[in-house]
2 protein chains.
Amino acid sequence: MRANSLTQIKPASETGRHGEMRCVECPIRYRAVCAQCESDELSLLEGMKFYRSFEPGQPIVWEGDRMDFVASVVIGVATLTQTLEDGRTQMVGLLLPSDFLGRPGRDHAAYNASATSKVVLCCFRRKPFDELMRTMPHIAHRLLEMTLDELDAAREWMLLLGRKTAREKIASFITIIARREAALRKSRPGGRMEIELPLTRDAMADYLGLTLETVSRQVSALKKDGVITLNGKRGVILHDFARLVGESGDDADGGLLA
Amino acid sequence: MRANSLTQIKPASETGRHGEMRCVECPIRYRAVCAQCESDELSLLEGMKFYRSFEPGQPIVWEGDRMDFVASVVIGVATLTQTLEDGRTQMVGLLLPSDFLGRPGRDHAAYNASATSKVVLCCFRRKPFDELMRTMPHIAHRLLEMTLDELDAAREWMLLLGRKTAREKIASFITIIARREAALRKSRPGGRMEIELPLTRDAMADYLGLTLETVSRQVSALKKDGVITLNGKRGVILHDFARLVGESGDDADGGLLA
DNA sequence: CGTCACTTTGACATTGATCAATTAACGTGG
DNA sequence: CCACGTTAATTGATCAATGTCAAAGTGACG
């Protein structure tokens, strides 16, 4: 088993700070940890938050680093990865807008986090945030809900890693992305869809527990079999969503949790 | 890829109810969801709880079933598994004493849960428990903490499933069990240890994303190489804990989260 | 002592990994 | 707008790890 190449390491400093953005206008207002906050609570958060940006490929935090903040992803895609001593890596989290980074009460990062696209984080210093957890039940409650959802997603992912074939893994991954894109447009996935993969082949391999060659081959196979058409490196045209789901190995009713 | 044989299905009814047990004497008093409750809170729980028992191999709930209770494992070992449409199964949770079963706010089971040994659950009907989540911050807080721990464990498990070799998977599994047995005795794992595997080869295969034949072969290989000695079907003697950790593929400091 | 469930071991097939070129897509500067 | 250079993606040939099918061994328990 060969180690996948690590994302190249660049300095971990943030590349920018942002001026004001009002929470009520925030694109993740209704999905993030703050989703259930009232306007008076929001204005409290307003005074505490600060923004940090990262460029594609940049590390956000490294496993074991001191981490004195927690954050919500506002824009972009970030990944959490774990590493074996010989360098093999496995992605263990894919953070999209509204997802939460960091753990209240823990002051060191448990995973490597990197930006795979331009990323903007809405950050809170950890200590004050821990305090919020005690004083604002809406935050604690929402965080529990989000953590339970993440646990469900992790378990779906475990099924994929442990038991699916390479082809099923690829089909499942594309299905997940298609579902999410549909959700963003507030529509149901189905029929013909055009989507954009948020990861390189190499990152897909890290996500799926494969090598990038196998990822490439199976993507090509799905293309050859008429399940998908490629459009540049990242673009995928799905001719029939149901057909793809059929390739994923899941139960017909599967993916409710994804 | 062949499906592992499912645990045989027996009627899902509980096999017994228990009389009183006082919370203050409960063996999981300081680790379960109720860990942070004060004595007045405990007496409230005392009036709501009820016990259910299950025999080895018995299903507790089936994916999709209505589930009108949540519970803590008091005694025994239970598993959560997911299934692909053709019957392949992957274990996604291993529930030990003090672990929590069910999700507040969700009325249908997301996974199959079965007893692998005699199991005793401390149960609460879901509706009243949901109410407790709002009125007793100690419960909600502890449940968040436990869920975050489970998420960490799930991510460790994902690394195992996605990137470890069969030998490393076996070594990792034995390491996890050894760590837990040490924790029960409030000692540090290390040196020579005698442990008891809580799962059959078949269940280990479901846990590790392998077949039972591969599990058996790799256990034999570790024996041949002098890392372990077998003692009956379930007994394992570890001659040197560090040696086993070295076989697991993890970083030297790994497993902090397990 | 026999039965049954679990485990081990063997022979062979298959999947996906590895090593190695080659090709395609995209950004840059002319 | 095009040629170039760089990075990502594809494809091919081969091999090792693990799955599959089959049979025999082991231990617990009635």
Side-chain angles (χ1 to χ4, degrees), chain A residues 1-8 10 55-57 84 86-90 116-117 160-171 196-206 208-224 228-236 249, chain B residues 1-8 10 55-57 84 86-90 116-117 160-171 196-206 208-224 228-236 249:
Chain A
M1 211 179 276
R2 188 189 52 181
N4 286 297
S5 61
L6 281 169
T7 305
Q8 56 190 322
K10 298 177 187 171
E55 294 302 312
L84 256 20
D86 63 359
R88 283 171 281 169
T89 66
Q90 173 66 50
T116 60
S117 66
L160 176 148
L161 290 172
R163 295 300 183 194
K164 288 187 179 177
T165 64
R167 168 181 263 242
E168 289 169 339
K169 286 178 176 181
I170 300 293
E196 187 91 353
L197 299 177
L199 301 178
T200 63
R201 295 294 123 103
D202 187 65
M204 283 175 64
D206 271 0
L208 300 169
L210 298 170
T211 58
L212 89 185
E213 293 96 330
T214 299
V215 169
S216 184
R217 272 186 245 280
Q218 296 298 337
V219 169
S220 298
L222 287 174
K223 182 176 73 171
K224 184 169 68 66
I228 60 175
T229 300
L230 300 184
N231 186 12
K233 283 188 204 172
R234 301 292 192 88
V236 174
Chain B
M1 211 180 276
R2 189 190 50 180
N4 286 300
S5 61
L6 281 169
T7 305
Q8 55 190 322
K10 297 179 187 171
E55 294 302 312
L84 257 20
D86 63 0
R88 282 170 282 169
T89 66
Q90 173 66 51
T116 60
S117 67
L160 176 147
L161 291 172
R163 295 299 183 195
K164 288 187 180 178
T165 64
R167 167 181 264 244
E168 289 168 338
K169 286 178 176 182
I170 300 294
E196 186 91 353
L197 300 177
L199 301 178
T200 63
R201 297 292 122 101
D202 187 64
M204 283 175 63
D206 272 0
L208 300 169
L210 298 170
T211 58
L212 90 183
E213 294 95 331
T214 298
V215 169
S216 184
R217 272 186 248 278
Q218 296 297 337
V219 169
S220 298
L222 287 174
K223 182 177 71 171
K224 183 170 68 67
I228 59 175
T229 301
L230 299 184
N231 184 11
K233 283 184 195 172
R234 301 290 190 88
V236 175

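Sequence lines set the chain letters: A, B, ... in the order given, protein chains first and strands last, and positions in each chain run from 1. Predicted, not measured: the structure shown is a model, and the values here were computed from it.
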Compare side-chain N and O positions of [X] against OP1 and OP2 of [N] and report whether any pair is under 4.0 Å apart.
X	N	result
A/Ser216	D/dA8	no
B/Ser220	C/dT9	yes
A/Thr214	C/dG16	no

Quiz item: Just checking A/Gly235: base, sugar-phosphate only, or nothing, at a heavy-atom cut-off of under 4.0 Å?
Solution: nothing
Quiz prompt | Sugar-phosphate only, base, or nothing, as touched by A/Leu199 at under 4.0 Å among non-hydrogen atoms | solution = nothing
Quiz prompt | Atom of A/Gln90, atom of A/Asp206 and distance for their closest heavy-atom approach | solution = NE2-O, 2.9 Å
Practice problem: Might you point out which heavy atoms bring B/Leu212 and B/Ala205 nearest each other, and give the distance in Å? | Solution: N-CB, 3.6 Å
Spacing between [X] atom [atom1] and [N] atom [atom2], to the nearest angstrom:
X	N	atom1	atom2	answer
B/Leu212	D/dA23	CG	P	17 Å
B/Leu197	C/dC6	CG	C1'	14 Å
B/Leu210	C/dT8	CG	P	14 Å
A/Lys223	D/dA9	NZ	C1'	10 Å
B/Glu213	D/dA22	CD	C1'	10 Å
A/Ile228	D/dA9	CD1	P	13 Å
B/Lys169	D/dA17	NZ	P	14 Å
A/Glu168	C/dT15	CD	P	12 Å

Quiz item: Are B/Gln218 and B/Leu210 close enough that some pair of their side-chain heavy atoms sits under 4.5 Å apart?
Solution: no
Quiz item: If you take atom types as modelled and just measure distance, does the side chain of A/Arg217 reach the base of D/dG12 with a donor-acceptor pair under 3.5 Å?
Solution: yes
Identify which nucleotide among [options] has an atom closest to any side-chain atom of [X], counting heavy atoms from C-beta outward.
X	options	value
A/Thr211	C/dC19, D/dG19, C/dA17	C/dA17
A/Lys233	D/dA8, C/dT9, C/dC6	D/dA8
A/Arg234	D/dA9, C/dG16, C/dC19	D/dA9
A/Leu230	C/dC19, C/dA25, D/dT10	D/dT10

Self-check item: Stepwise side chain to side chain contact (heavy atoms under 4.5 Å, CB included) test for B/Asp86 and A/Arg163
Solution: CA-CA 11 Å; B/Asp86 63 0; A/Arg163 295 300 183 194; over 6 Å; no
Self-check item: side chain to side chain contact (heavy atoms under 4.5 Å, CB included) assessment of B/Arg234 paired with B/Thr200
Solution: CA-CA 8 Å; B/Arg234 301 290 190 88; B/Thr200 63; 3.3 Å; yes
Quiz prompt | Position toward the 5' end of DNA chain C (nearest nucleotide), A/Gln218 or B/Val219 | solution = B/Val219
